[in-house]
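Lettering of chains follows the sequences in order, A, B, ..., and the numbering in each one begins at 1. Keep in mind the model is a prediction, meaning the values are calculated, not measured.
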Amino acid sequence: MKIMQPGGLLTDPISAFSCGLMLMLGGAAMPHVLMRFFTVPDARQARLSVFYAASFIGYFYLLTFIIGYAAIAMVMKDPRFLDANGLITGGANMAAIHLSEAVGGSFFLGFISAVAFATIVAVVAGLTIAGASAISHDLYANIFRHGKATDHQVVKVSRISAVCLGAFGVVLGIAFKDQNIAYMITIPFTVSSSVFFPILFLSMYWRGLTTRGAVAGGAVGLGLGVILLFLGPTIWGEILGHGEGIFPYKYPALFTIIASFFTMIVVSKLDDSPRARRERAEFDDQFVRSQTGVGAEAPAQH
Amino acid sequence: MDALHARISANPAFHALQAKRSRLAWTLCAGVLAAYYGFILMIAYAADTFRQPVHEGAVITLGVAWGAVVIVLSVGLTGIYVWRANREFDRLNARILEEAHRESHR
């Protein structure tokens, strides 16, 4: 039973550590996790919400074991789901969809396909709206126009960026179509673990963090993360067809997280501007607020 | 520092609560980290141990069993924190805030 053994995804200790660190810290700082705190009236409900979410996420991860092994047992031996070369029709990412047909026939296949399609549409719609509003509201209206854009202009930019993001998504989707979904997760998790996590962690626990340090460290984490992913074995090696990556590891998070923390600490230490001094002095107030919730008793009205 | 914040900060009960809460949080955190990085360390350096079945003739290997334990343990430890924070810590916290507000009206 070779399938129940640690296998091909993690081949050396550095990859194993890097992947583990990326999934843990990246997951902790994902925007959907943080969004949880915007939808609850108080800290008590936020904690309960975290507990429910943790339970469902745990349940989901336990299911992946079962679905994965069931797919190996029932799909990989069934000639209906294999192409001429003995590989799964439509690629390995289709295994769970084929499994539904193997278990429940065409009725269950239709049901699971509908669920998968609805999920994809919901996620794509959500991401397009989030991306278009970030471009139109944050970048265009506030940064390029310094808050002087009219609503009409913002909506127009938002529409144009939704179309562009959609087209860009289609192009990337085609380029990455043969990649395993497990690798695709690497891209957002690398960014989350080396940009969002260090900023959140240091701003809560270290009084010395300044805005300049946070921006510099976040920029290093993001830039280095994207560059190392691009030069790694998957994008440079497989997708662009150079065989091997210039950077040898599939998971650069270990290096980018260290670089991000290091830059944040060094830049904050060197930052002696009046703004930095004010920010350090404000830490005690923030600490009392974060520990007791004082000043946040009533939920904000939207 | 804001006057209300300064009064909270001067209350020894605030520091006691904060110390108690962070001790629990870091203990639970250490539990999750040990289980999770133990798992990663085993994959990195002792993958052969993970290839052993849980008992003679079993299909499930130690690696799969440990993986399931990490998931269940993480949910359980989250539950412990939420349970204690929502009962004990929130009560202590409410008392500290009440004292601080009462002093400010004096």
| task | Against chain B, label A/I57 side chain, backbone, both or neither, depending on which of its atoms sit under 4.5 Å from a heavy atom there. | result | neither
| note | When rounded to the nearest 0.5 Å, the distance separating OG1 of B/T78 from CZ of A/F51 is 7.5 Å
| request: With the side chain counted from C-beta on, respond yes when A/R44 and B/D90 share a heavy-atom pair under 4.5 Å apart, and no when they do not. | output: yes
| Taking side chain as C-beta onward, heavy atoms only, is B/Y37 less than 4.5 Å from A/L21? | yes
| query | To the nearest 0.5 Å, how far apart are OG in A/S18 and CD1 in B/I40? | reply | 10.0 Å
| query | Any side-chain heavy-atom pair from B/V32 and A/M24 closer than 4.5 angstrom? | reply | yes
| query | Side chains of A/R47 and B/Y81: closer than 4.5 Å at any heavy-atom pair? | reply | yes
| message | Return the CD1 to CG distance between B/I71 and A/L62, rounded to the nearest 0.5 Å. | response | 4.5 Å
| message | Contact between B/L17 and A/Q291 at the side-chain level, heavy atoms closer than 4.5 Å - yes or no? | response | no
| request: Measure across A/T292 and B/L97 and return the closest heavy-atom pair with its distance rounded to 0.1 Å. | output: O-CD1, 3.8 Å
| task | Let me know if B/N86 has heavy atoms under 4.5 Å from chain A in its side chain, its backbone, both or neither. | result | both
| field | A/W206 CH2: over 12 foreign heavy atoms closer than 6.0 Å | value | yes
| query | Closest approach of B/V75 and A/G58, non-hydrogen atoms and distance? | reply | CG2-CA, 4.2 Å
| request: Return the set of residues passing ring-ring contact (aromatic ring centres under 6.0 Å, His included) with B/F89 (not counting sequence neighbours), or none when no residue passes. | output: none
| request: Please indicate whether A/R277 has more than 12 foreign heavy atoms, meaning atoms of other residues, nucleotides or ligands, lying under 6.0 Å from its CZ. | output: yes
| request: Decide if atom CZ of A/F283 counts as having more than 12 heavy atoms of other residues, nucleotides or ligands within a radius under 6.0 Å. | output: yes
| field | Interface moiety of B/L62 toward chain A, non-hydrogen atoms closer than 4.5 Å | value | neither
| message | Set out, in order, the CA-CA distance, both residues' side-chain angles and the distance that settles side-chain contact (heavy atoms from CB on, under 4.5 Å) for B/L41 and A/F17, then state yes or no. | response | CA-CA 8 Å; B/L41 274 172; A/F17 267 114; 3.5 Å; yes
| said: Classify the ring geometry of A/F287 against B/F14: parallel below 30°, tilted from 30° to 60°, perpendicular beyond 60°. | reply: perpendicular
| query | Using a cut-off of under 4.5 Å for heavy-atom pairs, which of B/V70, B/L4, B/N93, B/L33 has the most such pairs with chain A? | reply | B/N93
| message | Is it true that, when you exclude B/E88 itself, more than 12 heavy atoms of the residues, nucleotides or ligands shown sit nearer than 6.0 Å to its CD? | response | yes
| task | Name all residues meeting the salt bridge (charged side-chain N to carboxylate O under 4.0 Å, His left out) criterion together with B/R7; count only those two or more places apart in sequence or in a different chain, and write none if there are none. | result | none
